[in-house]
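Numbers here are sequence positions counted from 1.
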Amino acid sequence: MRVLGLDYGSKTVGVAISDTLGWTAQSVETITRKSENKLRQTLARIEELAKLYEADRIVLGYPKHMNNDEGERCARAEEFKEMLERRLGLPVILQDERMSTVSAERILMEGNVRRENRKEYVDKMAAAFILQTYLDRIKYEQENR
């Protein structure tokens, strides 16, 4: 089982992948596009990565508000989920992503990564946080059945 994790944003998509046992998430890359609505190349790259890593599912960050409300960004994530499912034929699971970018930023700051260089890493690290949260949840649910 390999799972592809995505942090979908207005101009970037952070990508992470699980190990073959489904225990850990590793950052892969950040896909950048020129316009928010130009998704063809982004979807093609995600399809390439899913095939390369032999992913059997995708976990997509679901950007709820801190008070658990779902806003416009959640609607965009749901639309992107449908596009991914149609194009790749893989199940796409929505995973709460609250605090993933904040956590990634914090780790980069603690690692003394310069502010101007953080942008290069933050999205793919956020994708790894989202994916790791999903992997931990699945493992917990399996252990407590």
Side-chain angles (χ1 to χ4, degrees), residues 1-111 113 115-142:
M1 167 185 106
R2 290 198 86 173
V3 184
L4 197 67
L6 302 176
D7 178 32
Y8 176 65
S10 60
K11 292 195 177 183
T12 61
V13 178
V15 182
I17 190 72
S18 73
D19 66 328
T20 55
L21 297 173
W23 290 355
T24 62
Q26 296 87 34
S27 298
V28 173
E29 69 179 67
T30 299
I31 302 166
T32 305
R33 60 188 179 281
K34 293 180 177 143
S35 172
E36 184 172 354
N37 297 321
K38 304 281 183 177
L39 292 170
R40 191 171 53 239
Q41 290 179 336
T42 298
L43 290 166
R45 181 62 183 151
I46 292 168
E47 185 175 25
E48 287 174 11
L49 292 169
K51 287 178 183 175
L52 174 68
Y53 290 107
E54 299 176 346
D56 66 355
R57 76 189 84 161
I58 296 172
V59 172
L60 176 62
Y62 196 57
K64 288 184 173 184
H65 296 292
M66 290 305 288
N67 65 0
N68 210 31
D69 285 346
E70 297 174 7
E72 183 182 329
R73 290 182 57 224
C74 284
R76 287 188 188 151
E78 290 169 1
E79 290 171 9
F80 191 62
K81 173 187 186 286
E82 291 173 14
M83 285 185 234
L84 288 166
E85 288 173 332
R86 274 195 309 271
R87 180 161 183 148
L88 280 66
L90 295 174
V92 179
I93 298 104
L94 295 174
Q95 174 64 50
D96 188 346
E97 71 167 42
R98 284 177 282 189
M99 303 300 290
S100 61
T101 301
V102 172
S103 297
E105 284 273 359
R106 186 173 297 131
I107 286 182
L108 290 169
M109 286 182 347
E110 289 172 3
V113 176
R115 183 184 304 264
E116 58 268 17
N117 296 335
R118 285 185 212 145
K119 202 175 214 180
E120 179 182 343
Y121 301 104
V122 72
D123 294 316
K124 63 184 177 181
M125 285 186 68
F129 275 104
I130 292 164
L131 179 54
Q132 191 64 55
T133 300
Y134 168 79
L135 296 172
D136 292 345
R137 180 174 57 88
I138 293 303
K139 185 176 179 184
Y140 176 82
E141 288 172 358
Q142 289 173 346

Ile46 and Phe80, any side-chain heavy atoms less than 4.5 Å apart: yes
Check: Ser27 side chain, Lys124 main-chain N or O, donor-acceptor pair, under 3.5 Å: yes
Neighbour count above 12 (heavy atom, 6.0 Å) for Arg40 CZ: no
Gln95 side, atom CD; Tyr62 side, atom OH - distance, nearest 0.5 Å: 12.0 Å
Least distance between heavy atoms, Gly61 atom then Ala77 atom: O-CB, 4.0 Å
CD on Glu48 to CZ on Arg45, rounded to 0.5 Å: 5.0 Å
Neighbour count >12 (heavy atoms, 6.0 Å) for atom CD, Glu85: yes
Donor-acceptor pair, side chain of Arg2 and main chain of Ser18, under 3.5 angstrom: yes
Nearest heavy-atom neighbours spanning Ala128 and Gln26: CB-C, 4.4 Å
Nearest-0.5 Å distance, CG of residue Asp7 to OG1 of residue Thr30: 8.5 Å
Rounded distance (nearest 0.5 Å) linking atom CE of Met125 with atom CD of Gln132: 12.0 Å
Option passing side-chain contact (heavy atoms from CB on, under 4.5 Å) with Val3 (candidates Ile93, Val59, Ile17): Val59
Flag if over 12 foreign heavy atoms under 6.0 Å of CD, Glu54: no
Close side-chain approach of Leu4 to Leu90, heavy-atom, < 4.5 Å: no
Note, Leu49 side chain near Glu29 side chain (heavy atom, < 4.5 Å): yes
Atom of Val92, atom of Leu84 and distance for their closest heavy-atom approach: CG2-CB, 3.8 Å
CD1-CG distance between Ile58 and Leu94, expressed to the nearest 0.5 angstrom: 11.5 Å
Spacing of Lys11 atom NZ and Asp123 atom CG [to the nearest 0.5 Å]: 12.5 Å
Heavy-atom check, side chain of Leu39 versus side chain of Tyr8, under 4.5 Å: yes
Sequence-distant partners of Lys38, salt bridge (Lys or Arg N to Asp or Glu O under 4.0 Å), two or more places apart: none
Pair Lys81 + Glu78: basic N to acidic O under 4.0 Å: no
Nearest atoms (heavy-atom pairs only) where Leu6 meets Ile130: O-CD1, 4.0 Å
